[in-house]
Amino acid sequence: MEVVILILKIYLCFTVFVLMVYSIRHFLFTLNRLFSEQRIYYQDIIDSDLKKITVMIPMHNEEKVARQILDLLVAGAYPYDNEHVDPKKILDLLVSADYPHDKMEIIPINDFSSDETRRILDDYAQHYPFIRPLHRYKGDRGKPAALNEGMKIATGEIIVVFDADYLPPKGILKDITVSFHDPEIGAVMGRVVPVNTQKNFLTRLLDLERTGGYQVDQQARYNMKLIPQYGGTVGGFRRDVVMSLGGFNTKILAEDTELTFRLLVNGWKVIYANRAECYEEAPETWDVRARQIRRWSRGHNQVLFKYLWPLLTSSNLSKKEKTDGVLLLFVYVIPLIILLALFDCIALFFLGEMQIMAGIIAFIFIGVYNTFGNFAPFYQIGIASLLDGAKDRVLLLPMLLFNYFFNTYYIAIGFLEAVVDKITGRSVKWIKTIRFRNKDSEAPKPVKDIRGTANRER
Amino acid sequence: MKEMMLIIMAFIIFILMFILPFVPGIFELILKKDAAPLFISMEYIRNPRYFGRSFKGLLHKATAGFTLSPGLRDIRLSKDEKIEITGPLNIPAKKEINNMLYIIGGLISGNNVQYKKEAYVIENADIGHDNTIQAMAGDGNIVIGERVNLLRWIDANGDIVIGEGGDLGISVSSDNKLCLARNCLFRRLFGMPIATGPDWLGTIIDSVELESLPESSHRRLSFKRKTDTSVPQGTVLYENVVFTGDVKIGKDSVLKGSIKSYGKLTLEENVTVLGNIFAEGDIIIGVNARIGGHVFSQASIYIAGRTVISCMDTIKSVIGKKSIRIEQNVIIYGYVTTEGEGKIL
């Protein structure tokens, strides 16, 4: 019994140590965004010699959203009803589009769709020669397999990827592509902003999460020359590099994270472009969010198992990049560690063995951790909202507690699934996130304001 | 009974304390005061001539409803303004102009004139010394004397020539030549080309034979990472190179790819780089350099004389976060910008 108690105590100390490390990480990132010098991104580069790009949009039953993203990419204008628009207006819109069409092709990838997606894509291809749909009804399903097949027919030097529910603004293709003038950039990630924030309680919480994740976390990593993460959408990569590294791994659900680490260990850099902002549709129901976060966790942990050792032994990464990389890889393990620690605490409590440290030291430690440690992620999201110029949404911060417990549970399940994947070598099945937009409606329009423009320029 | 009451009280206090942090959030959820998505401008495109074009667009829209006969008119741009519509204008020295100007013709302005509002000149503008200008758009050439104090921007369809000691506000842009004399301070410049120093002013620019820098190998897939701190004189490098620290490129070297340094990057005399130049530290470009691509530094940039960046009909950018210093007799085709101070030496 004593051995068991000792193990339980050691595990509790280990958990506390891990939480402290991640709290410090949160603080470092947040303080960096507040007080440190910010590195500029390449968005100010103006170039008449643009690279040829291919925009790829994986689509599985995306009839609700397909028209809107294609309209935005074609015309660089806000969504309009393509069936009723004056043909002369289309021409005007084409002329005003930001990226020259002779330097751009769009490959929407119809991935085993059974709805109207195929017909919609073919309609667009008839009107616009630079839209070349790829219809897939054979081979592996899912985004990584679709992207691999798309890359084979792509002619662009740079591949830019959007998910089908995204609403790319006019200048985003240039903002993403310009970074590839830097010879060691392998991939670039833009910023994702939920467009359906006001829908319900969940979308408001997800909006806060995204704000913290991009405005502070990703930008701080870029500032500190650590490891910003390629997120698989609103981002781009060099086609030849990714193909020479074997394309996307179809056995891993987080193909974006996998690509990030594959590029890094092979000597390429991944950077973050805070200015390249794009609207997405955040999940509006808890069950859809549960499936999404579970898939992320499972995929991310598959990457952990695959890349922890290559990361640590890579000669292409600095010590601080490796440290950040390890912490990033373990992010989706932490919830399980915490869950186990909760059971650990309960066990120790009923065994009457909770007193691990004596007297004043324990008091000071718990006091400090409760004051600063628990505060760290909330501080990060609060500061991110401040940088975005948001005000009243910060009041929702305490409610992230609900999201925290929800995420903890599903991330832990995702981790266990990844462990089973590793042990059994079973194949994974890609499950698409359900869309909520009404098929016949326009995309939700944001309210125009000037909040936080200066900070978001960075 | 007393104990029971205490327990109930404690429980109620616990519930209240538990709920309290959520109360403001509950109000926000109900009232939705800050529920709109963060604003992204769906139409925004980076345009180095944004100020001039945007102003002219607003002006043309606002004046579309009436004939442009001389006189003072009320118009609405972003707010209500008074605009003076006039034919060719000759403004004497030391005058103060308080209204917006719409000049259908040319403008000649004496010394020490103060323009408190924007001016739009359809033909050429010839501005004297020591003028203070809020903002000026021109369809022709704009020639400005010494020590101009530009509060916001100047944009011209024709050439722009600016005399010594000017403080050039936020932006000076032209689709044609932008010639700047010594000691001008700037934030953003755009010209095809931007030229510094007396030797390049006026017609001399047209006679300069610029080496055409072809599409080079800087687009190749790979790059080499090097720890060297110097590249010997006369070296020819064919690939993209990333240096992990400070590096000095010896004189007469030719780099056919792009170059990046994690420290300070120094190009000695007569160096040619066909690709782009990136550095985390300062970039020092020596005399008589030829650069085919962009020059980008997270710190400062110094460009010595007789350097040519980019070539005819090709727009490239020079971006130095902290400062940019440009010597006399430099030509840059494209865009120059800094968050700090730019200065023509």
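All chains are named by letter (A, B, ...) in the order of the sequence lines, taking the proteins before the strands, and each is independently numbered beginning at 1. Because only heavy atoms are used, hydrogens play no part in the values below, and waters and symmetry mates are left out as well, while side chains stay in.
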Problem set entry | Choice from Glu28(B), Lys32(B), Lys33(B) maximising heavy atom contacts with chain A below 4.5 Å |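 Heavy-atom pair counts peak at Glu28(B).
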Exercise. Among Phe296(B), Tyr262(B), Phe190(B), which has the most heavy-atom pairs under 4.5 Å with chain A?
Worked result: Phe296(B)
Of the backbone (N, CA, C, O) and the side chain (C-beta and beyond), which part of [X] lies under 4.5 Å from a heavy atom of chain B, both, or neither?
{"X": "Phe180(A)", "answer": "neither"}
{"X": "Asn200(A)", "answer": "neither"}
{"X": "Thr211(A)", "answer": "side chain"}
{"X": "Leu401(A)", "answer": "side chain"}
{"X": "Lys174(A)", "answer": "neither"}

Problem set entry | Salt-bridge present (Asp282(B), Arg325(B); N to O < 4.0 Å) |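 Salt bridge flag = no for Arg325(B) with Asp282(B).
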Exercise. How are the rings of His294(B) and His181(A) set to each other: parallel, tilted or perpendicular (split at 30° and 60°)?
Worked result: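 Ring orientation, 0 to 90° scale: perpendicular.
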Report which part of [X] has an atom under 4.5 Å of a heavy atom belonging to chain A: side chain, backbone, both, or neither.
{"X": "Thr337(B)", "value": "side chain"}
{"X": "Leu29(B)", "value": "both"}
{"X": "Ser41(B)", "value": "backbone"}
{"X": "Ile26(B)", "value": "both"}

Problem set entry | Arg238(A) side, atom CZ; Glu157(A) side, atom CD - distance, nearest 0.5 Å | 7.0 Å
Exercise. Got a sec: does the CZ of Phe402(A) have more than 12 other heavy atoms crowding it under 6.0 Å?
Worked result: yes
Problem set entry | Closest contact, heavy atoms only, Tyr335(B) versus Asp44(A) |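 Taking every non-hydrogen atom into account, CE2-O, 3.4 Å.
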Exercise. Taking it one step at a time, do Lys391(A) and Asp34(B) satisfy salt bridge (Lys or Arg N to Asp or Glu O under 4.0 Å)?
Worked result: CA-CA 7 Å; Lys391(A) 286 186 207 158; Asp34(B) 193 14; over 6 Å; no
Exercise. Looking at Phe237(A) versus Trp268(A), is the centre-to-centre ring distance below 6.0 Å?
Worked result: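 Centroid distance Phe237(A)-Trp268(A): not below 6.0 Å, so no.
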Exercise. Can Asp155(B) and Arg53(B) be said to form a salt bridge (Lys or Arg N to Asp or Glu O under 4.0 Å), step by step?
Worked result: CA-CA 8 Å; Asp155(B) 177 80; Arg53(B) 289 190 174 172; 5.7 Å; no
